[in-house]
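Order of the sequence lines sets the chain letters (A, B, ...), proteins ahead of strands, with each chain counted from 1. Side chains are part of it too, since the values below use all heavy atoms of this structure and drop only hydrogens, waters and symmetry mates.
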There are 4 protein chains.
Amino acid sequence: MAGLRGPKATDTPTVERSPRTERGRKTRRTLLDAAAVEFGERGFHDSSIVGITQRAGVALGSFYTYFESKEALFRALVADMSARVGDVGAAAAGGIDDVLEREQAVTSAFIAFATEHKELYRIIDEAEFVDPATWRAHYENAAGRIAARLRTGAGNNQVRSDVGEVEAWALMGMNVFLGLRFGVWGGDVGPEEIGRRVAALLREGLAR
Amino acid sequence: MAGLRGPKATDTPTVERSPRTERGRKTRRTLLDAAAVEFGERGFHDSSIVGITQRAGVALGSFYTYFESKEALFRALVADMSARVGDVGAAAAGGIDDVLEREQAVTSAFIAFATEHKELYRIIDEAEFVDPATWRAHYENAAGRIAARLRTGAGNNQVRSDVGEVEAWALMGMNVFLGLRFGVWGGDVGPEEIGRRVAALLREGLAR
Amino acid sequence: MAGLRGPKATDTPTVERSPRTERGRKTRRTLLDAAAVEFGERGFHDSSIVGITQRAGVALGSFYTYFESKEALFRALVADMSARVGDVGAAAAGGIDDVLEREQAVTSAFIAFATEHKELYRIIDEAEFVDPATWRAHYENAAGRIAARLRTGAGNNQVRSDVGEVEAWALMGMNVFLGLRFGVWGGDVGPEEIGRRVAALLREGLAR
Amino acid sequence: MAGLRGPKATDTPTVERSPRTERGRKTRRTLLDAAAVEFGERGFHDSSIVGITQRAGVALGSFYTYFESKEALFRALVADMSARVGDVGAAAAGGIDDVLEREQAVTSAFIAFATEHKELYRIIDEAEFVDPATWRAHYENAAGRIAARLRTGAGNNQVRSDVGEVEAWALMGMNVFLGLRFGVWGGDVGPEEIGRRVAALLREGLAR
DNA sequence: AATGAATGAGTGTTCATTCAT
DNA sequence: TATGAATGAACACTCATTCAT
């Protein structure tokens, strides 16, 4: 990422900055949580390290004991969020055999998660600009997981045999936008209802 | 938006600084085009006015003859993109009576447009952070147009009578993500095929 | 040079920052002079850009209109000083045929120059740490010029035929240290007298 | 020296923090050696306490058990180097009665020492900026020792009676620059040969 | 309209030093 | 003595914006 301010970077090899004591682990966690709030509220560029450390009740300099840079912190947060979203989906899907029921459960769970974590979108979305590679990987992985779930169904003769990557991306797009509209922004339609409607769409389309 | 730099910001409401002469109109256009490229390549924050004016072959100071601020320029670009996307949809939909055929045409047209304008997403997506109100309005409008199109169909008894906002957002999500995956990123599936598959999904769902 | 503070450097290619207007040229000169004083008084690391611009009566940001970095400014200054020392020597040597008379003139002129420009040593000496390549080149060039002058004499049978690089460096060392002791630090022995004594040493050694 | 960072600096006069145990003495030595390498490689300002303690395999905090500050450590190193250079000269001069033979021996020994200790110059030279008083004292002492040696010769009628401080500084300058050029930088002329040539210069000058 | 020099608030990062354990 | 987490002052550098010409 270009355009950062300040003088040259040193050649010093990047040393792992993992805390060695329990106290250290706690401080690192505090910083991560404060950062999630700050980034969620103000976005990456309008967030500042001072702001984050003040929120965390930690000295400015302590930040660099735990993270290499503002970007590195952001990346850590994106990875965290990405993994949590994946977990939510996996948990919701677990143990359901019917493809469409399964997707209904995943959609509902995801909407619920977005409702609870309004900062999710601000962080994942901004990764497009701050850490494009990770951002792209996030969606490719998610689409891959959806495709895999659908394929399981295809093997079982539950969905049309030509269902593939296009449908996976379509389904992901639905979930993401419904999560934005009815999760993050809020509204009168709840996660359950959204799940049901997506499932209906997948089951029979929109046609009368 | 916080975090702006530089001398006092005026509170004067943004009046379009419209050029009076032909030469002026040309300069303004040059700047807009340069900005689209710069923002598309580097994002809002890593783009600079100097960069844009250099690309445009215009003196730094001249920028402020045409735009009130960096943000104002960005807003102009977002509005432009947003309108063009709307136009593309309207043009594609025009004159088609069958709901699903119509959506198929819109999807194909949109994917084709995204393929041609890779900077589209970088600009619309970043509006979430630079100009959230406009960004939200962009999607609300788009969803509204989709809902209206579907409703036309509902009135005609072509789609289920309970199809509403949820389905509109779902459809918009599909289009957006398919445009990203198969338009911007590129791939072996063309706009026509994508349109056909979305239409199939809308027509009969995924179930066998 | 490692260890500078601040974020990453941009990839932006180094554009020449030469002033295009007369006003600009004047500002650049003001900055250079202020820098010579600041670096001379406090050394490179304890000098600050704010300090330099304040001395120059110029805004902080203006600095970067003329110099790429603190280091670049320092390099410019070293080059300037180095060239001036060379000029002083050349001017003093010009037109004198006798080798030893010539060196006497150079030594006197150099001591006088050092007396007038106390910041000379602080700047050249610190280049060893800030810009080692230039620093080394400075001395290699100076030694080369001395060797050339002596060789002229050797060709004329004025000095021993085995006089070479070793003697050039020895002579340079004398001049530098005498310039420090009797020029910069000051004292009761003037440039003329120093020149005479060095010439005496070169003419007949120290032996009785 | 200005520009120090970190929490309040004590004004307590520098008391040597001498280790009480054998283990402590060893740690202190390790730190000194690591510092000589680090300062030699990177210079004072680009060296860091973390870097030094890491090289030494010692915890950061332990540093302050042995040295009051980064500067105090540097001063200790300068003093050490300065003393060693003096010892080398004294050892080389010991027992030689003839003035010029004696200086020849000193020069050769010094060049050899510089060849072996490339960090010598980086440390002494940087003292000009970090600890100017010590730096000046170092050269004044060295010049004083040379003057004393020459005076012994003058008393013995071996050198001209007017030989004094100027000649001492001239000789010191030769040695220092020859040590840099042929010792630290290296080259094809060895210490012995350098000594011989300096002696020749002192004995009869350069004139044919 | 055009030019480009001038302005200065803002911020990421470094690192010597302190201190609780 | 040893450890390593915590502290915060200091500073180089960026760039949107203004303004004299």
Nearest whole angstrom, please: distance from the P of dC15(F) to the CZ of Phe44(B).
12 Å
Mind checking if Tyr66(C) touches a base, just sugar-phosphate, or nothing, with heavy atoms under 4.0 Å?
sugar-phosphate
Between CD of Glu68(C) and C1' of dT14(F) the distance, given in whole Å, is 14 Å
d(CD, Gln54(D); P, dA2(F)) in whole Å:
17 Å
Going from CZ on Phe67(C) to CZ on Arg75(C), what distance comes out if it is rounded to the nearest 0.5 angstrom?
12.0 Å
To the nearest Å, how far apart are Ile52(C) CD1 and dC11(F) P?
12 Å
Quick one: are Tyr66(D) and Leu32(D) in side-chain contact, heavy atoms under 4.5 Å?
no
One should read off an interatomic distance between Leu73(D) CG and Ile52(D) CD1, to the nearest 0.5 angstrom, of 5.5 Å
Residue mapping more 5' on DNA chain F - nearest nucleotide basis, Gly57(D) or Val50(B):
Gly57(D)
Base, sugar-phosphate alone, or nothing: which one does Gly61(A) contact when heavy atoms must sit under 4.0 Å apart?
base
To the nearest angstrom, how far is Leu73(D) atom CG from dC15(E) atom P?
16 Å
Atom CD in Glu128(C), atom CD in Glu128(D): separation rounded to 0.5 Å?
9.5 Å
Enumerate, in order of first residue number, the stems that involve DNA chain F, defined as 3 or more consecutive Watson-Crick or G-U wobble pairs with both distances under 3.5 Å.
E:2-21 with F:2-21
Only one of His45(D), Lys70(D), Glu119(D) passes side chain to side chain contact (heavy atoms under 4.5 Å, CB included) with Phe39(D); say which it is.
Lys70(D)
Given dA5(E), dG8(E), dG12(E), which nucleotide is nearest the side-chain atoms of Lys70(A)?
dG12(E)
Let me know, please, whether Thr21(A) or Ser48(C) comes out on the 5' side of the other along DNA chain F by nearest nucleotide.
Thr21(A)
Could you state the NE2-P distance from His45(C) to dC15(E), rounded to the nearest angstrom?
10 Å
Atom pair CG/CD of Asp131(C) and Glu126(C) - distance to nearest 0.5 Å
11.5 Å
Short side-chain N/O contact to dT7(E) OP1/OP2 from Tyr64(C), under 4.0 Å
no
Where the side chain of Arg23(A) is concerned, which of dA6(F), dT1(F), dG8(E) is the nearest nucleotide?
dA6(F)
To the nearest Å, give me how far apart CD1 (Ile49(A)) and P (dG8(F)) are.
17 Å
State whether Ser62(A) places a side-chain N or O below 4.0 Å from either non-bridging phosphate oxygen (OP1 or OP2) of dT7(F).
yes
Donor-acceptor pair, side chain of Ser82(D) and main chain of Val78(D), under 3.5 angstrom
no
Describe the nucleic acid contact of Ser47(D) in one word from base, sugar-phosphate, nothing, applying a heavy-atom distance below 4.0 Å.
sugar-phosphate
What is the separation between atom CG on Leu60(A) and atom P on dC15(E), rounded to the nearest whole Å?
14 Å
Test side chain to side chain contact (heavy atoms under 4.5 Å, CB included) applied to Phe129(A) and Asp125(B), step by step:
CA-CA 9 Å; Phe129(A) 304 97; Asp125(B) 289 359; 3.9 Å; yes
Does Ser69(A) have a side-chain nitrogen or oxygen under 4.0 Å from the phosphate oxygens OP1 or OP2 of dG12(E)?
no
Taking the nucleotide of DNA chain E with the nearest heavy atom to each, does Ala59(B) or Phe63(C) sit closer to the 5' end?
Ala59(B)
